[in-house]
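Just the heavy atoms: all of them, side chains too, but no hydrogens, waters or symmetry mates, feed the values below.
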Amino acid sequence: MFASQRFHSKYHSVWPFDYQVIVLKIALHWRETKMRGGIIAYSKYIENNDEETPLLTAKHAYTMASQVLFHARRITLAGTAGITGFATYKYQTDPVHDLDHTILCSISPFHDDETTPNEESSASLMPSPPSLQYFDQIDDDFPYNHKTLDPNTRTYFRPGARTALKICSYFSIMHVYTAAQESYTNNIMNELDPDRKIFNKVLHRDEYPEIVKKGKDLRVATERLDRAILFDDKLSNFKPQGYENGIAVVPFNAKRVKQCQFGHDNDRWEAYLAELKEMARLVGISFWSSIHFSGDVRKVVHWVRGWSGDN
């Protein structure tokens, strides 16, 4: 409770507490009005009838109270859902995602015998974790056979990344901002977003070469820095905005790929679930930023960094 109260005083209104207080006050006022109206109507009923009218019994009072509470709950739920929807619509965030080591990992050169799942099963009765989704491509940053055009790169998607991006697309306007070249980026977009419905802008180093040395300036992706979050595994990319808009992501590198693909099932499950947890964290941060009452995602970023010790 102490931590929640301290956070509330520091950042003013925080979902869902303030919204629920407002809705509950409305519901209680409605219940009081309903009860008062019932008593007045019942008094008039007694005055207009000559016959003796029994007093309001405990059963009738209990029934009335139950109905009032039932409708109060409905009003609370409906109000909460409505305010959430309104806040999400009004304060849509602009999550900006890096590609390599954030939502995927590309290995070049690769060999099929080194990048396929281990077929040896452990003695555990637990089923094996799902194999990583991947596709092969030509990355012209590395040597390749210009005659046969054989792929020289295998790109693995982080477990849960595609689902996480799909979920975020329902309540935010997403962009890609990568230091990779255009051809490599297009290959990934053809697999990750073939219909071009998930991402609004796709930015790469061929258009913005300064990102390689100066970092990723979010002003080229959105005009509202108070609604922009950059998810990246490199802290240096947060520099253009003074590190105020960046959330550091646990790198999904070749080592992490190997942990998810090889070894005993128990070790693979541990690595696989760790990646799912990281993707769930990014979804939670994006959604929280969308409904934060202040309308400034930098307050959420600051709190996340303080809580995780990234400052």
Between the side chains of Arg227 and Asp94, is the shortest nitrogen-to-carboxylate-oxygen separation below 4.0 Å, so that they form an ion pair? no

Using the rule that two of Ile, Leu, Val, Met, Phe, Trp, Tyr join whenever any of their side-chain heavy atoms come within less than 4.5 Å, decide whether Ile173 and Leu192 are in one cluster. no

Closer than 4.0 angstrom, basic N to acidic O: yes or no for Asp193 and Arg196? no

Does any non-hydrogen side-chain atom of Tyr177 lie less than 4.5 Å from one of Leu203? yes

If you measure only the distance, is there a donor-acceptor pair under 3.5 Å linking the side chains of Ser131 and Gln261? no

When rounded to the nearest 0.5 angstrom, what is the spacing between CG in Asn253 and OG1 in Thr102? 11.0 Å

Applying side chain to side chain contact (heavy atoms under 4.5 Å, CB included), run through Glu278 and Arg158 and close with a yes or a no. CA-CA 10 Å; Glu278 182 66 6; Arg158 193 170 201 158; 3.7 Å; yes

Shared hydrophobic cluster for Val301 and Leu282 (ILVMFWY, side-chain gaps under 4.5 Å): yes

Looking only at heavy atoms, the pair that brings Arg256 and Ala274 closest together is NH2-CB, 4.2 Å

Going from CD1 on Ile211 to NZ on Lys234, what distance comes out if it is rounded to the nearest 0.5 angstrom? 10.0 Å

Please test Tyr156 against Ser106 for side chain to side chain donor-acceptor pair (under 3.5 Å), starting from the C-alpha separation and ending with a verdict. CA-CA 6 Å; Tyr156 291 89; Ser106 292; over 6 Å; no

Would you check if Asn245 and Arg298 make a side-chain contact, meaning some heavy-atom pair closer than 4.5 Å? yes

At what distance, to the nearest 0.5 angstrom, does CD1 of Ile167 lie from CZ of Arg162? 14.0 Å

Any heavy-atom pair between the side chains of Phe142 and Pro109 that's under 4.5 Å? no

Less than 6.0 angstrom separating the ring centers of Tyr144 and His146, yes or no? yes

Closest heavy-atom pair and its distance - Ala164, Val283: CB-CG2, 3.5 Å

Looking at Ser169 and Lys166, would you say the former's side chain and the latter's main chain have a donor-acceptor pair under 3.5 Å? yes

Contacts of Thr153 that satisfy side-chain hydrogen bond (donor to acceptor under 3.5 Å, both in side chains) - sequence neighbours left out: Ser108

Taking Leu218 as the starting point, is it possible to reach Leu235 by hopping between hydrophobic residues whose side chains are less than 4.5 Å apart? yes

Please list all pairs passing the salt bridge (Lys or Arg N to Asp or Glu O under 4.0 Å) test where one or both residues lie in residues 198-220, with sequence neighbours left out. Asp98-Lys216, Asp141-Arg205, Lys216-Asp232, Asp217-Arg219

Side-chain H-bond candidate by donor/acceptor type, Asp296 with Ser294, under 3.5 Å: no

Here the pair of heavy atoms bringing Pro194 nearest to Asn190 is CB-O, 3.4 Å

Side chains of Ser286 and Ser172: is there a donor and an acceptor less than 3.5 Å apart? no

Can you tell if the side chain of Glu244 reaches within under 4.5 Å of the side chain of Phe238, non-hydrogen atoms only? no

Scanning both residues in full, the closest heavy-atom pair of Arg268 with Phe262 reads CG-O, 2.9 Å

Among Asp267, Leu273, Leu132, which residue satisfies the side chain to side chain contact (heavy atoms under 4.5 Å, CB included) criterion with Cys260? Leu132

Hydrophobic cluster membership, with links at side-chain heavy-atom distances under 4.5 Å among I/L/V/M/F/W/Y: are Leu165 and Leu99 in one? yes

Check each of Phe293, Trp303, Phe171 against Trp288 using the ring-ring contact (aromatic ring centres under 6.0 Å, His included) test, and report the only one that passes. Trp303

Tell me, with the steps shown, if Asp100 and Cys105 meet side chain to side chain contact (heavy atoms under 4.5 Å, CB included). CA-CA 5 Å; Asp100 287 282; Cys105 175; over 6 Å; no

Before giving the answer on side chain to side chain contact (heavy atoms under 4.5 Å, CB included), spell out for Asp233 and Phe252 the whole-Å C-alpha distance, their side-chain angles and the decisive distance to 0.1 Å. CA-CA 8 Å; Asp233 65 298; Phe252 181 61; over 6 Å; no

Would Ile247 end up clustered with Val300 when hydrophobic side chains under 4.5 Å apart are linked, directly or stepwise? yes

Evaluate side chain to side chain contact (heavy atoms under 4.5 Å, CB included) for Tyr184 paired with Asp140, printing each intermediate quantity in order. CA-CA 8 Å; Tyr184 174 84; Asp140 51 23; 5.6 Å; no

When rounded to the nearest 0.5 angstrom, what is the spacing between CD1 in Ile229 and CG in Leu225? 12.0 Å

Backbone N/O of Pro95 and side chain of Thr93: donor-acceptor pair under 3.5 Å: no

How many angstroms lie between CZ in Phe157 and CD in Gln133, if you round to the nearest 0.5 Å? 7.5 Å

Could you tell me which residues satisfy ring-ring contact (aromatic ring centres under 6.0 Å, His included) with Tyr243, sequence neighbours excluded, listed by chain and number? none

Minimum heavy-atom separation for Ile138 and Asn152, please, with both atom names. CA-OD1, 3.3 Å

Note: Met279 and Ala161 closest approach over all heavy atoms is SD-CA, 3.5 Å

Taking the six-membered ring for Trp and the full ring for Phe, Tyr or His, determine whether the centres of His97 and Phe231 are under 6.0 Å apart. yes

Distance alone, cut at 3.5 Å: any donor-acceptor contact between the side chains of Gln181 and Asp139? yes

